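All remarks here apply to the structure that follows.
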Amino acid sequence: MKSLLVGMIVFIFEKIFILANLKVFSVSSKKSRCRQPCNVPFIKRGDLLEVPRTLFVHFGIYLGNNKVAHLMPDILPALSDDTCLIRRVVTNKRLIMGVLAKIASIRVDSVQDFAYGGNILVNHMDKSFKTKPLTNEEVARRAEKLVGSTPYSLLWNNCEHFVTYCRYGMPVSFQTEKFCETVKKIIRDRRSILLSAAIGMASFLCMGFGLYTILPSFFITFTLWMAS
């Protein structure tokens with residue numbers, strides 16, 4: 001049952017991620033010619049960068065000299081050795097195929113290509129961790145050592161896992177955890193509604209419609225809702 005629930009969460013998460021990125025990366029030719037972020041704040045080597053997108057947040061580590069290391073799903077490194085081709089901005093098709101094939105790379109892009117027209121937040125995640133961040137130089141060195149191909153998983157190895165490992169020493173994805181909890185709550189709520197409806201219908205069929213059948217049905221529904 002647990003493995004079925006995890007599989008369902010992965011399936012839903014993947015589909016939402018793909019749809020979100022379809023909206024983000026399917027831009028007009030006018031926008032593709034100008035991907036300058038709305039704001040480029042003062043950033044230092046080793047800073048953790050966040051770019052809020054349609055449904056998710058994309059993360060990277062600033063390496064200095066206008067370069068950002070970030071984990072991106074990408075099918076092309078598995079199909080080609082052409083480094084010039086691979087270094088180009090990841091297209092929508094490459095990203096989706098990478099998600100489905102669970103193939104990614106930790107790549108280095110310019111700040112502008114990383115932000116893709118979005119606003120940049122700097123070290124916004126520091127307040128979510130109780131542990132103190134590593135030194136900025138250590139963060140940047142960790143990111144640089146990991147550059148290259150890597151397996152991809154929306155739940156266990158995404159861009160947020162990469163940056164939290166580099167900056168805080170532990171791979172964590174808060175947005176994934178929040179999404180999983182939301183899905184589990186929806187599943188529990190739906191199960192509770194169906195169960196209470198079935199019990200209520202059975203009581204009406206067996207004992208008829210009356211106060212002594214309405215109250216137990218209401219009580220069971222309320223109890224299941226509180227427990228979910």
Side-chain angles (χ1 to χ4, degrees), residues 13 17 20-21 23-25 27 31-32 34-74 77 83 86-91 94-95 98-99 103-179:
F13 200 22
F17 181 85
N21 281 283
K23 186 173 181 180
V24 169
F25 289 99
V27 294
K31 186 173 180 180
S32 63
C34 181
R35 287 195 300 269
Q36 294 293 329
C38 297
N39 71 316
V40 182
F42 176 73
I43 45 181
K44 305 186 299 296
R45 176 174 163 83
D47 280 346
L48 191 159
L49 309 184
E50 301 180 32
V51 179
R53 290 183 174 162
T54 309
L55 295 175
F56 299 97
V57 180
H58 190 51
F59 298 87
I61 299 294
Y62 185 63
L63 302 179
N65 297 320
N66 201 45
K67 299 297 181 183
V68 182
H70 59 129
L71 190 155
M72 282 284 286
D74 186 8
T83 54
I86 292 170
R87 275 201 299 266
R88 293 179 184 174
V89 177
V90 177
T91 62
R94 283 169 59 180
L95 183 142
V99 171
I103 297 172
S105 64
I106 295 167
R107 51 184 289 131
V108 178
D109 287 308
S110 68
V111 173
Q112 290 74 23
D113 285 340
F114 164 76
Y116 216 90
N119 292 325
I120 299 173
L121 303 176
V122 181
N123 299 329
H124 184 67
M125 197 181 288
D126 284 357
K127 60 187 179 183
S128 300
F129 273 84
K130 293 180 180 178
T131 56
K132 189 177 179 181
L134 301 172
T135 64
N136 275 38
E137 185 58 31
E138 176 62 23
V139 173
R141 286 178 181 174
R142 282 187 172 216
E144 288 167 340
K145 286 179 182 177
L146 293 173
V147 170
S149 298
T150 183
Y152 185 74
S153 169
L154 281 164
L155 295 183
W156 298 289
N157 190 36
N158 61 39
C159 61
E160 191 173 4
H161 291 105
F162 163 65
V163 298
T164 51
Y165 167 76
C166 291
R167 188 163 177 85
Y168 311 105
M170 59 184 75
V172 177
S173 177
F174 292 113
Q175 59 183 344
T176 300
E177 291 175 0
K178 186 177 180 180
F179 177 83

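Because only heavy atoms are used, hydrogens play no part in the values below, and waters and symmetry mates are left out as well, while side chains stay in. These figures come from a predicted structure and were not determined experimentally.
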* Asked: Should Arg167 and Phe59 be marked as a side-chain contact (heavy atoms from CB on, under 4.5 Å) after you check the CA-CA gap, both sets of side-chain angles, and the distance that decides it?
  -> CA-CA 12 Å; Arg167 188 163 177 85; Phe59 298 87; over 6 Å; no
Heavy-atom pair of closest approach, residues [X] and [Y]:
{"X": "Val51", "Y": "Gly118", "result": "CG1-CA, 3.9 Å"}
{"X": "Pro52", "Y": "Leu121", "result": "CG-CD1, 4.2 Å"}
{"X": "Tyr152", "Y": "Asn157", "result": "CD1-O, 3.4 Å"}
{"X": "Val139", "Y": "Gly46", "result": "CG1-O, 3.3 Å"}

* **Asn136 side chain to Arg45 backbone, donor-acceptor under 3.5 Å** => yes
* Under 6.0 Å from the CZ atom of Arg141, do we count more than 12 heavy atoms belonging to anything else shown? -> no
Atom [atom1] in [X], atom [atom2] in [Y]: separation rounded to 0.5 Å?
{"X": "Cys159", "Y": "Leu154", "atom1": "SG", "atom2": "CG", "answer": "9.5 Å"}
{"X": "Asp126", "Y": "His124", "atom1": "CG", "atom2": "NE2", "answer": "10.0 Å"}
{"X": "Ile61", "Y": "Cys166", "atom1": "CD1", "atom2": "SG", "answer": "5.0 Å"}

With sequence neighbours left out, write down each residue that passes side-chain contact (heavy atoms from CB on, under 4.5 Å) with [X], or none if nothing qualifies.
{"X": "Thr164", "value": "Met125, Phe129, Glu160, Tyr168, Val172"}
{"X": "Ile106", "value": "Leu71, Leu146, Val147, Thr150, Phe162"}
{"X": "Val68", "value": "Leu49, Tyr62, Val111, Phe114"}
{"X": "Asp109", "value": "His70, Arg107, Asp113"}

* Start with the C-alpha gap between Gln112 and Asn66, add the side-chain angles, then the distance that decides, and say whether side-chain contact (heavy atoms from CB on, under 4.5 Å) holds. => CA-CA 8 Å; Gln112 290 74 23; Asn66 201 45; 3.0 Å; yes
* Asked: For Lys145, what residues pass the salt bridge (Lys or Arg N to Asp or Glu O under 4.0 Å) criterion, not counting sequence neighbours?
  -> none
* **Contacts of type salt bridge (Lys or Arg N to Asp or Glu O under 4.0 Å), residue Arg88, not counting sequence neighbours** => none
* Step-by-step side-chain contact (heavy atoms from CB on, under 4.5 Å) determination, Leu134 to Arg142 -> CA-CA 10 Å; Leu134 301 172; Arg142 282 187 172 216; 3.6 Å; yes
* To do: Would you sort out whether Asp74 and Arg94 count as a side-chain contact (heavy atoms from CB on, under 4.5 Å), showing the intermediate values?
  => CA-CA 5 Å; Asp74 186 8; Arg94 283 169 59 180; 2.6 Å; yes
* Please examine the side chains of His58 and Met72, heavy atoms only from C-beta on, and report whether any two atoms are closer than 4.5 Å. => yes
* Student check: side-chain heavy atoms of Glu50 and Val163 closer than 4.5 Å -> no
* To do: Look at Lys67 together with Glu144 and state whether they make a salt bridge at an N to O cut-off of under 4.0 Å.
  => no
